[in-house]
Amino acid sequence: MRPDRSFFENNDVVSLAKRLLGCTLFTKFGETITAGRIVETEAYRGRDDKACHAFNYKRTKRTETMFLAGGHTYVYLCYGIHHLFNIVTSKEGEPDAVLIRSIEPLEGIEEMMKRRKINSLKPQLTAGPGVLSKALGLSIKMNAIDLTDASSPIGLILNDPVPDSSILAGPRIGIDYAGDCVDWPWRFCIKNNDYLSR
DNA sequence: CACGGGATCGTCT
DNA sequence: GACGATCCCGTGT
């Protein structure tokens with residue numbers, strides 16, 4: 001089942017990034033369902049994290065979404081091409097988010113391959129924040145959607161937590177500009193999974 | 001396998 | 001007007 005608001009309003013975005021590993025992310029457009037198991041995430045925290053778009057509570061048109069209550073989507077365009085999908089966390093006014101970096105395909109694999117224009121099942125299908133969005137049909141148009149609304153086309157299913165012993169932590173990707181935050185080990189993945197990025 | 005570059009556009013200065 | 005929380009393909013070894 002979909003977790004409720006209180007799950008997402010957790011103010012510890014780092015532990016939530018770990019908790020989201022193993023959970024199922026899906027989209028349902030009409031009768032078309034595609035889904036995957038989250039295997040890689042990154043935490044971003046507005047309060048003190050220079051890698052976060054909303055660092056130091058910076059409000060712009062784009063970051064406004066991150067200030068919404070936990071449980072909303074935050075989707076933005078990267079390098080003009082890729083739509084990166086995040087889940088906003090913490091209470092309204094506290095701009096934290098978890099970037100979903102990789103999923104392992106579960107359902108609607110044919111549809112995902114069609115969207116990706118790929119004709120064989122390989123990690124490249126959904127391993128990476130840009131390609132996973134494409135596979136699930138996510139785009140910037142789906143910014144600020146409420147995941148706790150049972151009628152929303154995007155949803156999360158809470159599964160059993162992945163034990164710490166199966167989680168690998170490391171520095172985040174592509175944030176060279178983030179000063180002393182570059183080394184924070186806020187990237188998490190499930191050990192030995194075939195669908196990890198890079 | 002490591003690398004280098006091109007694609008492409010919303011957002012912020 | 002510059003630049004990214006990326007990806008893919010080409011080249012060379």
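Reckoned from all heavy atoms, side chains included, excluding hydrogens, waters and symmetry mates. Order of the sequence lines sets the chain letters (A, B, ...), proteins ahead of strands, with each chain counted from 1. Keep in mind that what you see is a predicted model, and the values were worked out from it rather than measured.
- To the nearest 0.5 Å, atom CG of residue A:Asp146 and atom OG1 of residue A:Thr73 are 8.5 Å apart.
- Near DNA chain C, defined here as any heavy-atom distance below 4.0 Å, the residues from residues 44-52 of chain A are A:Tyr44, A:Ala51, listed numerically.
- Here the side chain of A:Ile81 is nearest to one of B:dT11, B:dT8, C:dC8, namely B:dT8.
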For a salt bridge (Lys or Arg N to Asp or Glu O under 4.0 Å) check, start with the C-alpha distance between A:Glu111 and A:Arg115, then their side-chain angles and the critical distance, and finish with the verdict.
CA-CA 6 Å; A:Glu111 178 64 25; A:Arg115 286 173 182 154; 3.4 Å; yes
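- By the 4.0 Å N-to-carboxylate-O rule, A:Arg172 lies too far from A:Glu42 to be salt-bridged with it.
- Counting heavy atoms from C-beta outward, A:Ile100 and A:Val98 have side chains that approach closer than 4.5 Å.
- Within the nucleic acid shown, A:Arg62 comes within 4.0 Å of sugar-phosphate atoms alone, with no base atom in reach, counting heavy atoms only.
- With sequence neighbours excluded, no residue forms a ring-ring contact (aromatic ring centres under 6.0 Å, His included) with A:Phe67.
- Other residues, nucleotides and ligands contribute more than 12 heavy atoms inside 6.0 Å of the CG atom of A:Asp48.
- At C:dC8, one or more side-chain N or O atoms of A:Arg116 fall inside 4.0 Å of OP1 or OP2 (strictly under the cut-off).
- Rounded to an integer number of Å, the gap from A:Phe55 CZ to B:dT13 P is 13 Å.
- Here the closest non-hydrogen pair linking A:Arg116 and A:Val131 is NH2-CG1, 3.2 Å.
- Here the C1' atom of nucleotide C:dA5 and the CZ atom of A:Arg172 are 9 Å apart, to the nearest Å.
- A donor and an acceptor atom, one from each side chain of A:Glu94 and A:Tyr57, are located under 3.5 Å apart.
- At a cut-off of 3.5 angstrom, counting only N and O atoms as typed in the model, there is no donor on one side facing an acceptor on the other between the side-chain of A:His82 and the base of C:dA5.
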Return the polar atom pairs (N/O with N/O) between nucleotides 3-6 of chain B and the protein under 3.5 Å, or none.
none

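- Counting only Watson-Crick and G-U wobble pairs whose two distances sit under 3.5 Å, DNA chain B takes part in these stems of three or more pairs: B:1-7 with C:6-12, B:9-12 with C:1-4.
- Checked by atom type, the side-chain pair A:Ser152/A:Asp149 shows no donor-acceptor distance below 3.5 Å.
- Using modelled atom types and a 3.5 Å distance limit, the side chains of A:Glu107 and A:Thr34 yield no donor-acceptor pair.
- At a non-hydrogen distance threshold of 4.0 Å, A:Gln124, A:Gly128, A:Pro129, A:Gly130, A:Val131 from residues 120-142 of chain A come into contact with DNA chain C.
- When each of B:dG10, B:dT13, C:dT6 is scored by its nearest atom to the side-chain atoms of A:Cys78, the top-ranked nucleotide is C:dT6.
- Counting non-hydrogen atoms of other residues, nucleotides and ligands closer than 6.0 Å to CG of A:Asp160 gives a total of 12 or fewer.
- Of the N and O atoms on the side chains of A:Thr89 and A:Asn10, not one donor lies less than 3.5 Å from an acceptor on the other residue.
- Atom C1' of nucleotide C:dG4 and atom CG of A:Leu99 are separated by 13 Å, given to the nearest angstrom.
- Going from atom CG of A:Leu77 over to atom P of C:dA5 covers 12 Å, rounded to whole Å.
- Side-chain contact, A:Thr148 with A:Arg5: a donor N or O sits under 3.5 Å from an acceptor N or O.
- The aromatic ring centres of A:Tyr76 and A:His53 sit less than 6.0 Å apart.
- When all heavy atoms are compared, the tightest approach of A:Arg187 to A:Pro171 is CD-O, 3.3 Å.
- Near-neighbour residues of DNA chain C inside residues 173-191 of chain A, defined by a heavy atom below 4.0 Å, number-ordered: A:Ile173, A:Gly174, A:Ile175, A:Tyr177.
- Side-chain contact between A:Phe85 and A:Met142: absent, with no pair of heavy atoms (C-beta onward) separated by less than 4.5 Å.
- For the pair A:Leu196 CG and C:dA5 C1', the interatomic distance rounds to 17 Å; values are reported in whole Å.
- Taking atom OH of A:Tyr76 as the reference point, atom C1' of B:dC9 lies 14 Å away to the nearest angstrom.
- Under 4.0 angstrom from either OP1 or OP2 of C:dG4 there lies no side-chain N or O belonging to A:Tyr79.
- The CZ-P distance, from A:Arg101 to C:dC7, rounds to 7 Å in whole Å.
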